[in-house]
Amino acid sequence: DISADEIRQTIVVILQDKTCLLDAITKKVLRHFAIITRGEPRRKFETRVHMAVRRLERQGVVERYRAKNVRLRLKRR
């Protein structure tokens, strides 16, 4: 099983040089771990990814913004 810490670290790696749609972040995290899943298991993993995103937002690492849709990027320091 993948820990919450690993999920957070992966999100930071994914957002290193670019932004990402909030809806697509789960797919990118799963691809990073080479996991193929659909349906209910993906929905459960998606809740864990969104919890990790919220925690990173509270810590000031990631920020959510709107372009045409909701996107994520690393916060500038």
Side-chain angles (χ1 to χ4, degrees):
D1 203 27
I2 300 168
S3 71
D5 213 25
E6 289 175 312
I7 294 173
R8 286 193 297 275
Q9 290 171 358
T10 303
I11 291 170
V12 171
V13 168
I14 290 169
L15 296 175
Q16 203 68 46
D17 297 324
K18 51 196 170 289
T19 66
C20 181
L21 286 173
L22 181 62
D23 295 337
I25 193 75
T26 302
K27 178 175 72 172
K28 292 183 184 241
V29 170
L30 285 169
R31 188 181 303 147
H32 180 83
F33 288 116
I35 297 172
I36 300 170
T37 183
R38 291 274 182 238
E40 189 62 29
R42 180 175 280 215
R43 270 193 291 281
K44 287 181 179 178
F45 191 76
E46 188 169 29
T47 60
R48 292 182 63 201
V49 170
H50 285 284
M51 285 173 20
V53 167
R54 282 194 298 275
R55 183 157 179 199
L56 286 170
E57 282 180 302
R58 282 194 305 265
Q59 292 174 343
V61 177
V62 169
E63 68 180 339
R64 189 183 300 223
Y65 71 100
R66 281 192 68 90
K68 221 174 208 181
N69 37 34
V70 180
R71 301 183 74 85
L72 296 171
R73 67 179 165 208
L74 288 180
K75 207 165 200 177
R76 295 186 190 130
R77 298 190 176 185

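Count residues from 1 along the sequence.
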Can you tell me how far the [atom1] atom of [X] sits from the [atom2] atom of [Y], to the nearest 0.5 Å?
X	Y	atom1	atom2	result
F45	T37	CZ	OG1	9.5 Å
L56	L72	CG	CG	9.0 Å
S3	R48	OG	CZ	7.5 Å
D23	N69	CG	CG	7.5 Å
R31	T26	CZ	OG1	12.0 Å
R8	M51	CZ	CE	9.0 Å

Would a single hydrophobic cluster contain both [Y] and [X], if residues Ile, Leu, Val, Met, Phe, Trp and Tyr are joined by side-chain heavy-atom contacts under 4.5 Å?
X	Y	value
V53	V70	yes
V12	L15	yes
I7	I35	yes
I2	L30	yes

Given side-chain contact (heavy atoms from CB on, under 4.5 Å), test R42 with K27 step by step and report yes or no.
-> CA-CA 9 Å; R42 180 175 280 215; K27 178 175 72 172; 4.3 Å; yes
Would you sort out whether L21 and I25 count as a side-chain contact (heavy atoms from CB on, under 4.5 Å), showing the intermediate values?
-> CA-CA 6 Å; L21 286 173; I25 193 75; over 6 Å; no
Within a radius of less than 6.0 Å around NZ of K44, do more than 12 heavy atoms belonging to other residues, nucleotides or ligands occur?
-> no
Output yes when E40 and R43 qualify as a salt bridge under the 4.0 Å nitrogen-oxygen rule, no when they do not.
-> yes
Thinking salt bridges, do R55 and D5 make one under a 4.0 Å N-O criterion?
-> no
Is there a side-chain contact between [X] and [Y], using heavy atoms and a 4.5 Å cut-off?
X	Y	result
V61	K75	no
L22	R64	yes
E63	E57	no

Stepwise side-chain contact (heavy atoms from CB on, under 4.5 Å) test for H50 and E46 | CA-CA 6 Å; H50 285 284; E46 188 169 29; 3.4 Å; yes
Verify whether one side chain among T19 and R71 offers a donor that lies under 3.5 Å from an acceptor in the other.
-> yes
